[in-house]
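See below for the structure under consideration.
Chain A is the first sequence line, chain B the second, and so forth, proteins listed ahead of strands; every chain is numbered from 1. This structure is a prediction, so every number in the text was calculated from the model and none was measured.
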There are 2 protein chains.
Amino acid sequence: MPTIGDVAAAAGVSRSTASYALSGKRSVSEEVRRRVNEAVHRLGYTPNAGARALATSQTMVIGLLARFLEDEFAPAMMQYILGVSDTARGLGYDTLLVTEADGVRALRRITGSRMVDGVVLLNVAHDDVRLPALREAPQPGALVGLPGDCSGLDVFDLDFEEAGRVMVERMHRLGHRELILVSQPEHVAERGGAYMWRLRDAALEQARLRGVRLHAVSGESGQPAIGATLHRLLDDHPSATGLLLNNEAAAAALPSVLHARGLSVPGDLSVVGRYSDEFARTFSLSYSSIESAPDRLGNMVVRHLVRRIESPEGREKPHVVRFLSPELVDRGSTAPPGPRGR
Amino acid sequence: MPTIGDVAAAAGVSRSTASYALSGKRSVSEEVRRRVNEAVHRLGYTPNAGARALATSQTMVIGLLARFLEDEFAPAMMQYILGVSDTARGLGYDTLLVTEADGVRALRRITGSRMVDGVVLLNVAHDDVRLPALREAPQPGALVGLPGDCSGLDVFDLDFEEAGRVMVERMHRLGHRELILVSQPEHVAERGGAYMWRLRDAALEQARLRGVRLHAVSGESGQPAIGATLHRLLDDHPSATGLLLNNEAAAAALPSVLHARGLSVPGDLSVVGRYSDEFARTFSLSYSSIESAPDRLGNMVVRHLVRRIESPEGREKPHVVRFLSPELVDRGSTAPPGPRGR
DNA sequence: CTGAAAGCGCTTACAG
DNA sequence: CTGAAAGCGCTTACAG
């Protein structure tokens, strides 16, 4: 592999001039620039990333820590990873994907060894053990998911509280007065998945304000258990006319449950879910839903991280906690209360 | 961040001795080793990855090129990526994930700049444009997926031909004499997805040998189109008693199609699919299937790549093309022909 | 506009 | 068993 020394020799200039001709960081005569570019092209020169990182303290790589938790919907993770990776590349960065179970050790390794210029954490828990290690790192960090303590980090997440309110509000306006909300399993909350209770508590509060009865329950994260739970809920609350789903498995299982009961949507039951459009397509779901927008979140988190990496004053700017406004994608699954309510 | 110079100073030895004490590449007195380790621990020293890469020409990173093609099942990709990433970490390597649309350019960038010690290509097509660039790279490359020309590369894939034979054979032994095979869309084959025709052609040949009628058709990759196609196929071939699915969307859509027709499995229809166990769980599918084993393939491809990276003679060893034997996971969806055949 | 030189933080022959 | 020094391939002040 040719080095910049080879390029310089071929162009008949010094290594520093070759370097400047390529970086444009100081003016170079037209003639020299041409000769250098020609040499680069002819020799097939690509700068050595390790050497450049050593000289500049910049790797042009961001670390992406993904956690795969039991009972979470794995395919959804792919969307976040793609959003991060594609955005990073668009900004000139590559992505080091870390899926190691021991996130703290992984974080120490990639930040301590300066393999990355910044780190994105996915699937952040309320009391995430990775955060202390991230705060100690010399590189900036940004999160997707809301921890209890956001200090020293940029935080991005869907506004799950607003999502809960929007769901209830949509149903209330249509005239619904009794709803069922199916959330994730209890242990998702126990391990710090704040999105579960953030949506639920806000939905309960909004229901209280509107005088709507809301039955909030946890549901399993897989078939056939969640299907059985949905049947039981519909049995237990025969006068409920709307179903809110903050549980992807429940959304995926609902069509067969409704089919088995001979219920139609929205004629007999109104439904609003919370998942990504990609998810809806994969499972052919035609329920209106709050878009969880993994691509937009991935985009936001990387854009802010890179800004902090690149602007010298950015390192000291106050950190942000930003919530993405939930967007209700209307797929026609809500209507005024049907016969179940009469 | 402390350097090895800081460690050496704190331990009262030279930098070279500190380095050797850590690498163990030459013997060091017990006393010195203790002092160096103590200094490392106290200062929180981690070697700088860029500097080490520059000195050793080893990055301990492997590149992973994933392609996301239209009409392919994205969640399946996550399984391959995890298999590669987890195996790499177990062998001491990190994973640079590249999802860039222009795979050739991406490949040139990460290999030319020596960011990686080797490269894994996922979702390789018959006439994959990335292969010439990979062969020119100074690092070894390994593939998941079978290209037309395997020269200079290690190639791993499920044995789709054997999979096709196993499917037909299972049905034939149970007494089935007329089967339907639903493959991926035609354009999957047109863009070089050899797994499509490899399974189909082998199944057709095996059916011919056994005197079984086999209707081989392409199906769409999403709802509702594939559902309609399945209905039409069952209408068109009323005496077919077995269904073979080399199409993940078709497998996901089948339960509702069968429900709508009032058909039970395996009483009325025997079914064998081809997908991963993870996929079966995600979609709650209880059809027997050829396990596509993304985790095992990811493991194999990385293990071989690392062997080639690390053993000096390994660089010259003949390249391998290895097919993973298909395993039929029995979920009880096959039985002797049902009433449809009578 | 250009070049010689120092330096980034490691590893590893070379000497003792 | 240990150290001084060269070298990996870049970038960038310093001089002219």
### Message
Defining pairs by Watson-Crick or G-U wobble geometry with both distances under 3.5 Å, how would you list the stems of DNA chain C with at least three pairs each?
### Response
C:1-3 with D:14-16, C:5-12 with D:5-12, C:14-16 with D:1-3
### Worked check of side chain to side chain donor-acceptor pair (under 3.5 Å) between Ser292(A) and Ser276(A)
CA-CA 5 Å; Ser292(A) 51; Ser276(A) 72; 4.6 Å; no
### Summary
Asp94(B) and Arg89(B) have their tightest heavy-atom pair at OD1-NE, 3.7 Å
### Query
Counting only non-hydrogen atoms, which of residues 3-21 of chain B are less than 4.0 Å from DNA chain C?
Thr3(B), Ile4(B), Arg15(B), Ser16(B), Ser19(B), Tyr20(B)
### Query
With respect to the phosphate group of dT11(C), does any side-chain polar atom (N or O) of Arg52(B) fall under 4.0 Å of OP1 or OP2?
yes
### Query
What's the shortest heavy-atom distance between Tyr45(A) and Ile4(A), and which atoms?
CE1-N, 3.4 Å
### Query
If you check the Leu54(A) side chain, which of dC10(D), dT12(C), dG9(D) turns out closest?
dG9(D)
### Task
In whole angstrom, give the distance that lies between atom CZ of Arg34(B) and atom C1' of dC1(D).
17 Å
### Query
What about Arg26(A): does its side chain form a donor-acceptor pair under 3.5 Å with the base of dT2(C)?
yes
### Message
Donor-acceptor pair, distance only, cut-off 3.5 Å: does the side chain of Asn37(A) make one with the backbone of Arg33(A)?
### Response
yes
### Query
Side chain of Thr59(B), backbone of Val61(B): donor and acceptor closer than 3.5 Å?
yes
### Task
In whole angstrom, give the distance that lies between atom CG of Asn48(A) and atom C1' of dG7(D).
13 Å
### Salt bridge flag under 4.0 Å for residues Glu30(B) and Arg34(B)
no
### Task
Taking Asp128(A) for its side chain and Ala125(A) for its backbone only, find out whether a donor-acceptor pair lies under 3.5 Å.
yes
### Message
With a cut-off of less than 4.0 Å, is there a side-chain N or O of Ser23(B) near OP1 or OP2 of dT11(C)?
### Response
no
### Query
Starting at CE of Met115(B) and ending at P of dC10(D), how long is that distance when rounded to a whole Å?
14 Å
### Query
So does Asp149(A) pair up with Arg135(A), basic N to acidic O under 4.0 Å?
yes
### Message
Rounded to whole Å, how long is the line connecting atom CG of Leu22(A) with atom P of dT11(D)?
### Response
8 Å
### Nearest heavy-atom neighbours spanning Ala194(B) and Leu146(B)
CB-O, 4.0 Å
### Task
Determine: side-chain N/O of Lys25(A) to OP1/OP2 of dT12(D), distance under 4.0 Å, yes or no.
yes
